[in-house]
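Report on the following structure.
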Amino acid sequence: MNKKHIEFMRLAIKEAKKAGQKAEVPVGAVLVAESGDILSLSHNQAITLSDPTAHAEIMALRKAAKKILNYRLLSTTLYVTIEPCIMCMGAIVHARVARVVFGAQDFKWGAAGSLYNFAEDVRLNHRPEIIDGVCQDECRALMQEFFRSKRI
């Protein structure tokens, strides 16, 4: 496994834990430039902001676009603890993110190979590279523990 992928995923996991501490679904994201510079870090904030679009990925894309003053996030890599949903993959495609690296698959909402596969849909004008399973066990455990605690 690529050491850089693990390093950036660990940062995404830290972000996910921040979300969990706020009673948000524990998802974290890190957007990295081709140079290796971190453009943004974020976590789920849908409940906190009363915003159904405030997923970790969307928040990371917004912050990075504002930082570089461009909605096109060319040659970037998005690290996220769970497979992006339909909304997030749509935004990733529109932003032209080059690569998505995620931890755990999401068989209920995933749009990067589990339920849907936007990255291989030839009808779309951009198809990011997908790398899955980075720190998969830790990412999956975060989600399982969060939802287990909600059921108690």
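Atoms considered below: every heavy atom in the structure, side chains included; atoms not considered: hydrogens, waters and symmetry mates. Nothing fancy with the numbering, it's 1 onward along the sequence.
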Using modelled atom types and a 3.5 Å cut-off, is there a donor and acceptor pairing between side-chain atoms of K63 and backbone atoms of L41?
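Answer holds: yes.
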Measure from the side-chain N and O atoms of N44 to the backbone N and O of A56, and report whether any donor-acceptor pair falls under 3.5 Å.
yes
Hphob cluster co-occupancy, L11 + L142, side-chain heavy atoms under 4.5 angstrom:
yes
Can you name the closest pair of heavy atoms from [X] and [Y] and give their distance?
X: A60; Y: S40; answer: O-OG, 2.7 Å
X: G28; Y: A16; answer: N-CB, 3.4 Å
X: P26; Y: A19; answer: CA-CB, 4.0 Å
X: K108; Y: L115; answer: O-CD2, 3.2 Å

Validation row: [X], [Y] side chains within 4.5 angstrom (heavy atoms):
X: Y79; Y: V134; value: no
X: F102; Y: I131; value: no
X: V27; Y: H43; value: no
X: T76; Y: E34; value: no
X: I47; Y: K22; value: no
X: D37; Y: V32; value: no
X: V101; Y: M9; value: yes
X: V30; Y: L78; value: no

Using distance only, find each side-chain donor-acceptor pair of residues 82-97 under 3.5 Å and give its atom names and separation, not counting sequence neighbours.
residue, atom, partner, partner atom, Å
E83, OE1, D106, N, 3.0
E83, OE1, S114, OG, 2.4
E83, OE2, A111, N, 3.4
E83, OE2, A112, N, 2.8
E83, OE2, G113, N, 3.1
E83, OE2, S114, N, 2.9
R96, NH1, V93, O, 3.4
R96, NH1, H94, O, 2.9

If only side-chain N and O atoms count, and only distance matters, is there a donor-acceptor pair under 3.5 Å linking R140 with T81?
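Their side chains do not contain a donor-acceptor pair, so the 3.5 Å distance test is not met.
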For E24 and T48, test the side chains for any donor-to-acceptor distance below 3.5 angstrom and give the result as yes or no.
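Side chains of E24 and T48: pair found under 3.5 Å.
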Given side chain to side chain contact (heavy atoms under 4.5 Å, CB included), test V25 with F147 step by step and report yes or no.
CA-CA 8 Å; V25 176; F147 285 110; 4.0 Å; yes
Apply salt bridge (Lys or Arg N to Asp or Glu O under 4.0 Å) to residues K4 and E7 and explain how you reach the verdict.
CA-CA 5 Å; K4 283 292 182 191; E7 176 186 329; 3.5 Å; yes
With F118, which residues qualify under ring-ring contact (aromatic ring centres under 6.0 Å, His included), at least two apart?
none
